[in-house]
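Input: a single structure, listed below in structure tokens.
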Amino acid sequence: GWKQAYLAHIEDRRTRFPENVWEEVDFYLLDINGDEIPELYINYGSTAAGSELCTYNGKEVKSAYMWESGLSYIKGANKAWDAGGHQGVYHDIVYTIKDGEFYGIAKGENTQDIREGHEDEKTFTWDGQSVSEDEYQEKLNSFIDTEQAVWVYEAEKESVCDCNTIINAINQY
């Protein structure tokens, strides 16, 4: 079931991009939640398109859309961390998978004034509440151990697939 669902999901996404853009898409099979079925991570290759983390709930593929190249996770621990942002506005969102769905269990935002001479002006909020930078890091680490989490593009660089190789990887899993 999950293999056919992932293959159909990939084909559906493929129809949304021109072929030359689709050639830049990276795929990964990751063990986020420690069950028998891997999660499918699709990096669409641009900030505008972002990335997509997919799971199979026994019936269909469910997705969490994320910042391009922003995924870190702890293998098998059911924790996925999306870190991203641009132009001085950044976020950290921690996801877990429950009953085949992604849930954002924590969210922090921080801003940095990007005008010259104002780079030290930063603000931090966690779940909508103003916090200090230290409190922000403590709260983030209470939801995911940022030292233990691995960044997909560093930890999984040997297992990256293009469209053709992900089809083979899914079929052979």
Side-chain angles (χ1 to χ4, degrees), residues 9 13 16-18 20-34 38-55 61-162:
H9 187 78
R13 295 308 190 253
R16 299 175 188 216
F17 290 90
N20 65 326
V21 173
W22 190 248
E23 292 170 4
E24 301 301 317
V25 176
D26 290 332
F27 299 88
Y28 300 83
L29 291 175
L30 308 171
D31 180 15
I32 303 288
N33 61 351
E39 280 63 49
L40 173 65
Y41 181 59
I42 308 170
N43 175 27
Y44 291 107
S46 74
T47 301
S51 64
E52 181 180 14
L53 182 59
C54 306
T55 194
V61 175
K62 294 293 188 169
S63 300
Y65 291 91
M66 301 181 164
W67 187 257
E68 189 259 342
S69 305
L71 177 64
S72 295
Y73 74 107
I74 300 173
K75 184 177 182 175
N78 203 11
K79 301 281 178 92
W81 169 28
D82 174 27
H86 68 289
Q87 296 182 332
V89 180
Y90 307 96
H91 70 265
D92 292 287
I93 304 170
V94 179
Y95 292 92
T96 191
I97 302 168
K98 183 179 176 188
D99 300 325
E101 298 274 347
F102 287 101
Y103 290 92
I105 57 172
K107 182 177 182 182
E109 295 179 339
N110 62 83
T111 61
Q112 179 179 15
D113 194 328
I114 58 175
R115 296 175 298 163
E116 189 173 328
H118 296 269
E119 293 84 1
D120 291 338
E121 296 176 28
K122 299 178 182 180
T123 61
F124 297 86
T125 59
W126 193 265
D127 289 333
Q129 302 294 317
S130 182
V131 294
S132 70
E133 184 172 3
D134 288 341
E135 290 171 314
Y136 184 95
Q137 289 303 319
E138 286 174 20
K139 288 185 180 293
L140 177 59
N141 276 296
S142 74
F143 287 95
I144 188 165
D145 182 342
T146 59
E147 295 295 319
Q148 188 180 357
V150 296
W151 184 44
V152 169
Y153 292 93
E154 192 172 271
E156 304 291 342
K157 63 185 171 191
E158 301 300 321
S159 64
V160 66
C161 297
D162 63 15

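What you find for I144 and V94 is that their closest heavy atoms are CG2-CG2, 3.8 Å. Among all heavy-atom pairs drawn from C54 and V61, the shortest one is CB-CG1, 3.6 Å. Across all their heavy atoms, A80 and L53 have their closest contact at CB-CD2, 3.8 Å. Looking at every heavy atom in both residues, T55 comes nearest to G100 through CG2-O, 3.7 Å. A pairwise comparison of heavy atoms in Y136 and H91 identifies OH-C, 4.3 Å as the closest pair. Shown here for G50 and N43, the closest heavy-atom pair between the two residues is O-OD1, 3.6 Å.
With hydrogens and angles disregarded, no donor-acceptor distance shorter than 3.5 Å links the side chain of D31 to the backbone of K75. Within the 3.5 Å criterion, the main-chain N or O of L71 finds no donor-acceptor partner in the side chain of D82. Side-chain atoms of K79 come within 3.5 Å of backbone N or O of F143 as a donor-acceptor pair. One N or O on the side chain of W151 and one on the backbone of S69 form a donor-acceptor pair closer than 3.5 Å. Proximity of a side-chain donor or acceptor of E39 to a complementary backbone N or O of I32 within less than 3.5 Å is detected.
Residues in residues 83-101 take part in these salt bridge (charged side-chain N to carboxylate O under 4.0 Å, His left out) pairs, two or more places apart or across chains: K62-E101.
Here the OH atom belonging to Y41 is positioned 10.5 Å from the CD atom belonging to E52, to the nearest 0.5 angstrom. Going from atom CD of E135 over to atom OG of S130 covers 8.5 Å, rounded to the nearest 0.5 Å. The CG atom of N33 sits 8.0 Å away from the CZ atom of F102 when rounded to the nearest 0.5 Å. With rounding to the nearest 0.5 Å, the separation of CH2 in W81 from CG in L140 is 5.5 Å. We find the CG-OG distance between D26 and S51 to be 10.5 Å, quoted to the nearest 0.5 Å. Within the model, atoms OG1 of T146 and CG of N141 stand 3.5 Å from one another, a figure rounded to the nearest 0.5 Å.
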Evaluation steps, side-chain contact (heavy atoms from CB on, under 4.5 Å), between L29 and L40: CA-CA 5 Å; L29 291 175; L40 173 65; 4.1 Å; yes

Passes side-chain contact (heavy atoms from CB on, under 4.5 Å), D127 versus K139? Steps please. CA-CA 10 Å; D127 289 333; K139 288 185 180 293; over 6 Å; no

Residue pair Y73, E156: steps toward the side-chain contact (heavy atoms from CB on, under 4.5 Å) verdict: CA-CA 11 Å; Y73 74 107; E156 304 291 342; 2.5 Å; yes

Apply side-chain contact (heavy atoms from CB on, under 4.5 Å) to Q137 and F124, showing your working. CA-CA 10 Å; Q137 289 303 319; F124 297 86; 5.6 Å; no

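In this model, no donor atom of one side chain and acceptor atom of the other lie less than 3.5 Å apart for E68 and Y44.
Taking the six-membered ring wherever Trp is involved, the centroid distance between the rings of Y153 and Y28 falls below 6.0 Å. If you look at F27 and W22, their ring centroids are closer than 6.0 Å.
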